[in-house]
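Worksheet for the structure shown next.
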Amino acid sequence: MIATSLAACGQDNKESRPSPPAKATGKAGNATITIDYSAPSVKGRKIFGSDMVPYGKIWRAGANEATVFETDSDITVEGQPLPKGKYGFFAIPGETEWVIIFNKTWNQWGSFRYKQEEDVLRVKVKPAKTSGLVEKLEYSVGGGKVTIRWENTEVSFGVK
């Protein structure tokens, strides 16, 4: 009984984490795109350009495990080819430009084991301001683009 109790205590309940799991799914042409991520909240903090998500540094584009971007068919991202598959999704936020990264290693915690030499694709996009505060990190897929919204920042990139 003690062993069972200890085993149960050691299990990770992702739903009870402060940044719970979230999923965005949509179509780009014939491809279905799914993004699995953990959704942190602002909680009154400054996010981008702070210690939370510094400019110019690799970010796992969510919390906890690295964000996973999956496409069931070949697509283009900002006009560049991305073969069907599952990717670690990372970003390098900047005040006037973001680098969006698709990496071979999708099953990892955070960005601690991120290796640039495993990048499959990098594209540059421009951030925009949201019309209001977006408390919880959110992704959306549709209308030929993927959009990331959090705090007062929105970043979109084209997918076909």
Side-chain angles (χ1 to χ4, degrees), residues 11-42 47-48 52-53 55 57-94 96-160:
Q11 292 177 355
D12 181 15
N13 180 355
K14 292 181 181 182
E15 296 297 328
S16 66
R17 291 178 178 175
S19 300
K23 184 179 287 196
T25 301
K27 298 291 273 183
N30 293 327
T32 298
I33 294 172
T34 303
I35 303 167
D36 284 306
Y37 62 103
S38 292
S41 295
V42 172
I47 303 300
F48 296 109
M52 288 284 302
V53 182
Y55 290 143
K57 303 277 186 184
I58 195 80
W59 174 49
R60 63 184 134 190
N64 305 320
E65 295 86 2
T67 295
V68 178
F69 183 103
E70 185 172 10
T71 176
D72 67 357
S73 297
D74 295 351
I75 60 172
T76 62
V77 176
E78 290 292 306
Q80 302 297 314
L82 183 68
K84 74 176 182 176
K86 197 180 265 195
Y87 300 95
F89 182 81
F90 299 92
I92 301 173
T96 60
E97 183 176 74
W98 280 40
V99 178
I100 302 297
I101 303 166
F102 301 86
N103 186 275
K104 290 179 193 174
T105 306
W106 60 269
N107 189 13
Q108 63 177 294
W109 181 265
S111 57
F112 304 109
R113 292 183 14 228
Y114 167 81
K115 294 180 183 161
Q116 184 173 345
E117 61 270 15
E118 294 180 358
D119 290 352
V120 175
L121 178 64
R122 283 178 166 226
V123 297
K124 294 180 179 179
V125 295
K126 301 288 183 198
K129 295 289 182 195
T130 58
S131 59
L133 177 70
V134 179
E135 177 64 28
K136 190 173 288 259
L137 174 67
E138 63 183 48
Y139 282 80
S140 62
V141 181
K145 65 183 179 177
V146 172
T147 301
I148 307 163
R149 297 177 74 235
W150 194 26
E151 189 190 26
N152 55 13
T153 301
E154 176 177 293
V155 176
S156 295
F157 54 91
V159 291
K160 292 183 182 176

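This structure is a prediction, so every number in the text was calculated from the model and none was measured. Residues take their numbers from the sequence shown, with the count starting at 1.
One distance of note links NZ of Lys84 with OG of Ser73; it measures 7.0 Å at 0.5 Å rounding. Between atom CD of residue Glu70 and atom OH of residue Tyr87 there is a gap of 10.0 Å, rounded to the nearest 0.5 Å. Taken from CZ in Phe48 to CG in Asn152, the straight-line distance is 8.5 Å, to the nearest 0.5 Å. For the atom pair Phe69 CZ and Ile33 CD1, the distance stands at 4.0 Å (nearest 0.5 Å). Rounding to the nearest 0.5 Å places CH2 of Trp150 at 4.5 Å from CE of Met52. The distance from atom CG of Leu121 to atom CG of Asn103, rounded to the nearest 0.5 Å, is 11.0 Å.
Note on ring orientation: taking the six-membered ring where Trp is involved, the planes of Tyr37 and Tyr139 are tilted (angle from 30° to 60°).
Side-chain contact between Tyr114 and Asp119: present, with at least one pair of heavy atoms (C-beta onward) separated by less than 4.5 Å. In this structure, the side chains of Ile100 and Phe89 come closer than 4.5 Å at one or more pairs of heavy atoms. Looking at Ile58 and Ile101, their side chains come closer than 4.5 Å, going by heavy atoms from C-beta outward. The side-chain heavy atoms of Phe90 and Arg60, taken from C-beta on, include a pair separated by under 4.5 Å. A heavy-atom distance below 4.5 Å is found between the side chains of Lys126 and Glu97.
Thr32 and Lys27 share a donor-acceptor pair across their side chains, judged by distance under 3.5 Å alone.
When the salt bridge (charged side-chain N to carboxylate O under 4.0 Å, His left out) test is applied to Glu78, no partner is found at least two apart in sequence or on another chain.
Across Thr25, Val141, Thr71, a single residue satisfies side-chain contact (heavy atoms from CB on, under 4.5 Å) together with Thr34, and that is Thr25.
Remark: the backbone N or O of Asn64 is not paired with any side-chain donor or acceptor of Ser38 at under 3.5 angstrom.
Looking at every heavy atom in both residues, Lys86 comes nearest to Val68 through CG-CG1, 3.4 Å. Across all their heavy atoms, Leu137 and Ala39 have their closest contact at O-CB, 3.5 Å. Closest non-hydrogen pair, Asp72 versus Asn30, comes out as OD1-O, 4.2 Å. Shortest non-hydrogen contact noted between Trp98 and Ala91 is CE3-CB, 3.9 Å. Nearest approach of Arg149 to Thr147, heavy atoms of both residues: CG-CG2, 3.7 Å. Contact detail for Lys104 and Val120: the closest heavy-atom pair is CG-CG2, 3.6 Å.
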> Between Ile92 and Arg122, is a side chain to side chain contact (heavy atoms under 4.5 Å, CB included) present by the stated rule, with each step listed?
Replying inline: CA-CA 10 Å; Ile92 301 173; Arg122 283 178 166 226; 4.0 Å; yes
